[in-house]
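In what follows, chains are A, B, ... by sequence order, proteins preceding strands, each numbered from 1. All values derive from a computational prediction rather than experimental measurement.
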There are 2 protein chains.
Amino acid sequence: MARTKDLTVAERIRSKFAILTRAERQLANTMLESYPVSGLGSITTVAEASDVSTPTVVRMAKKLGFGGFPELQAALRAELEATISNPITKHDRWTEGAPDTHILNRFADAVTENLRQTLRLLDPEDFNAIAALLADRQRSVHVVGGRITRSLADYFFTHMQVIRDGMTLIPSSAGTWPHYVLNMRSGDVLVAFDIRRYEHDILRLAEMARTRGAILVVFTDQWGSPAAQDAAHCIRCRIEVPSAWDSSVVTLFIVEAMIAAVETATWDQTRDRMRTLEELFDETKMFRKFV
Amino acid sequence: MARTKDLTVAERIRSKFAILTRAERQLANTMLESYPVSGLGSITTVAEASDVSTPTVVRMAKKLGFGGFPELQAALRAELEATISNPITKHDRWTEGAPDTHILNRFADAVTENLRQTLRLLDPEDFNAIAALLADRQRSVHVVGGRITRSLADYFFTHMQVIRDGMTLIPSSAGTWPHYVLNMRSGDVLVAFDIRRYEHDILRLAEMARTRGAILVVFTDQWGSPAAQDAAHCIRCRIEVPSAWDSSVVTLFIVEAMIAAVETATWDQTRDRMRTLEELFDETKMFRKFV
DNA sequence: CTGTTTCTGAAAATATGCCTTCAAAGTGTC
DNA sequence: GACACTTTGAAGGCATATTTTCAGAAACAG
């Protein structure tokens with residue numbers, strides 16, 4: 001019948017997170033950040049580290065079921081002692097409370113390994129060159145994806161659209177693609193996502209684009225899309241995971257890093273565009289003010 | 001010239017042991033016994049544990065080169081933090097040939113840290129429960145995303161559609177949402193993606209769905225969408241990266257792991273569906289035969 | 001045995017830590 | 001827009017934690 005008694009502080013935070021307020025969540029997050037050491041200082045230290053006031057710390061401790069902050073801290077120390085004196089149980093597991101064989105843990109292993117391999121294989125010069133192309137406002141950028149990678153193309157497009165103008169998202173229906181090729185000028189960039197099984201149509205689009213003088217950038221998997229043959233730049237991502245499908249996590253990672261690189265390169269203009277965007281959002285009242 | 005500065009507390013004790021008095025040695029021994037946790041309580045606790053007085057503790061701290069007991073304790077905490085965060089973090093640079101400060105390396109650090117934090121906050125039971133809901137073919141599943149998360153919703157939908165029928169992707173235009181709510185039956189599942197800035201409309205949709213008896217599953221960030229309040233299950237992902245935007249990488253990771261979990265749970269049916277799908281693809285000649 | 005030195009912990013003094021109160025600001029509602 | 005409700009940190013009071021003081025105890029030398 002032991003109830004909250006034998007839960008770790010982390011677990012208590014997890015289970016009570018729903019009823020925590022904004023400042024309390026902020027605190028909870030930093031406490032979990034370098035858990036559990038971050039919670040072992042004085043209440044003042046802990047509060048300052050999360051940019052909240054000391055009353056907030058006390059209030060959260062009580063919400064988690066402790067009498068006060070010192071009680072919470074004692075629990076942390078007890079946990080720490082238990083883990084340290086028990087080095088065998090503590091081998092690295094991503095998700096505590098789930099077995100090693102749980103899909104979350106197996107997936108986490110696979111994805112980090114994919115990330116490592118991908119970055120090992122990636123030429124930073126290539127990456128920089130692509131970023132430079134995308135940052136060049138003289139060039140229009142056209143984005144296309146396949147059956148699965150459409151979502152990635154979409155994500156990339158949405159962000160890039162904030163950063164710069166001259167972005168086009170080519171829809172997934174191949175029928176209208178010639179219309180889009182029509183608008184490509186020499187020096188334009190075509191970013192194509194093509195993961196196995198590689199699509200005939202993407203290859204054909206790439207060829208069409210090249211004859212119009214477009215520069216081809218391909219995001220593909222470790223085996224390489226046939227379209228990559230003609231590509232000026234090609235990013236190969238590892239995509240294997242314990243599943244019948246391939247993983248897009250690493251590809252998304254590279255996409256985001258690329259967006260960040262372009263954003264940095266053109267920060268002055270990007271900042272202005274973002275401000276304007278904020279104002280437009282405010283007018284539409286589409287979003288809640290940040291809580 | 002850094003002398004005692006970079007020594008651990010344990011090393012300092014060892015080197016100064018000769019000049020310690022009887023009571024101080026007694027203290028030193030118990031402190032080393034379950035080091036370093038034993039030193040993290042209040043000075044009173046520490047003193048009592050070794051059967052010495054608090055002044056003894058202070059005196060020893062000063063002999064070891066600290067200004068006082070709190071300073072010694074801070075050193076212990078710092079050590080602990082270093083040992084705990086070290087084992088995985090301190091691997092070499094991700095991308096060789098690019099400096100540590102290259103966006104790829106900074107991004108890789110941020111994302112793996114996000115992943116670690118997310119999995120710590122995640123309740124595996126919650127994850128399993130969601131997987132079970134999604135695997136239940138009696139329930140229809142409705143998927144919706146916001147401005148940015150639309151791509152994730154789309155990705156999730158595309159894969160789930162292969163696994164099972166009864167999937168609906170709710171479009172991003174809020175105007176037609178009531179039409180979709182009309183089709184929700186009690187026991188159906190609504191999977192909503194809502195990352196800051198949280199959208200008013202998603203919250204309202206969630207409420208509508210709930211009154212129709214739908215079970216709400218929310219994917220959100222570490223601060224928690226307001227829609228998460230009404231949610232039966234909520235997955236919170238860390239999304240901070242060195243960029244003006246938030247990262248969706250970890251969210252996509254969870255989504256993929258979820259897809260894999262559902263796939264495993266319903267493998268018999270899924271396999272059949274995939275075979276049929278392959279045949280359909282073959283007929284359309286949409287893809288190149290695997291190269 | 002006495003004086004000297006060193007060590008030790010009780011107790012007082014001081015500094016922080018911790019908690020409560022409360023007013024201001026934010027949010028949701030009518 | 002006015003109201004109630006929630007959330008939040010500044011300020012202050014009380015409670016510990018930490019340090020200092022100091023006197024007794026122990027060890028040692030002469």
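Of the N and O atoms on the side chains of Glu79(B) and Tyr35(B), at least one donor lies less than 3.5 Å from an acceptor on the other residue. Looking only at atom types and distance, the side chain of Glu81(A) has a donor-acceptor partner in the side chain of Ser34(B) under 3.5 Å away. The closest side-chain donor-acceptor pair between Asn183(B) and His142(B), if any, does not fall under 3.5 angstrom.
Atoms CZ (Phe69(B)) and P (dT18(D)) sit 6 Å apart, rounded to a whole Å. Look at CG on Leu27(B): it is 13 Å from C1' on dT8(C), rounded to the nearest Å. Computed from coordinates, the Glu71(B) CD to dT19(D) C1' distance equals 13 Å when rounded to whole Å. Atom CD of Gln73(A) is separated from atom P of dG17(C) by 11 Å (rounded to the nearest Å). Rounded to an integer number of Å, the gap from Arg59(B) CZ to dC22(D) P is 14 Å. If you take CE of Met60(A) and P of dT20(C), they are 16 Å apart, rounded to a whole angstrom. One can place CG of Leu20(B) at 10 Å from P of dT8(C), the figure rounded to the nearest angstrom. In this structure, CZ of Phe66(A) is placed 16 Å from C1' of dC18(C), rounded to the nearest angstrom.
Checked against the 6.0 Å centroid criterion, the rings of Phe127(B) and His233(B) do not qualify as a close aromatic pair.
Ring orientation note: the planes of Phe107(B) and Phe253(A) are nearly perpendicular, at an angle over 60° on the 30°/60° scale.
Shown for residues 43-55 of chain A: residues whose heavy atoms fall under 4.0 angstrom of DNA chain C, namely Ile43(A), Thr44(A), Thr54(A), Pro55(A).
For the OP1/OP2 pair of dC18(C) and a distance below 4.0 Å, the side-chain nitrogens and oxygens of Lys62(A) include no atom meeting the criterion. Within the structure, every side-chain polar atom (N or O) of Thr21(A) is placed at least 4.0 Å from both OP1 and OP2 of dT6(D).
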Practice task
Check the pair Arg22(B) / Gln26(B) against side-chain hydrogen bond (donor to acceptor under 3.5 Å, both in side chains), numbers first and verdict last.
Solution key: CA-CA 6 Å; Arg22(B) 201 248 327 139; Gln26(B) 197 172 312; 3.1 Å; yes
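Across all strands shown, Arg22(B) has heavy atoms under 4.0 Å from sugar-phosphate atoms exclusively, and none from any base.
Side chain of Thr56(B), nearest nucleotide from dT8(D), dC18(C), dG9(C): dG9(C).
Two residues are said to be in side-chain contact when any heavy atoms from C-beta on lie closer than 4.5 Å; Val249(B) and Asn114(B) fail this criterion.
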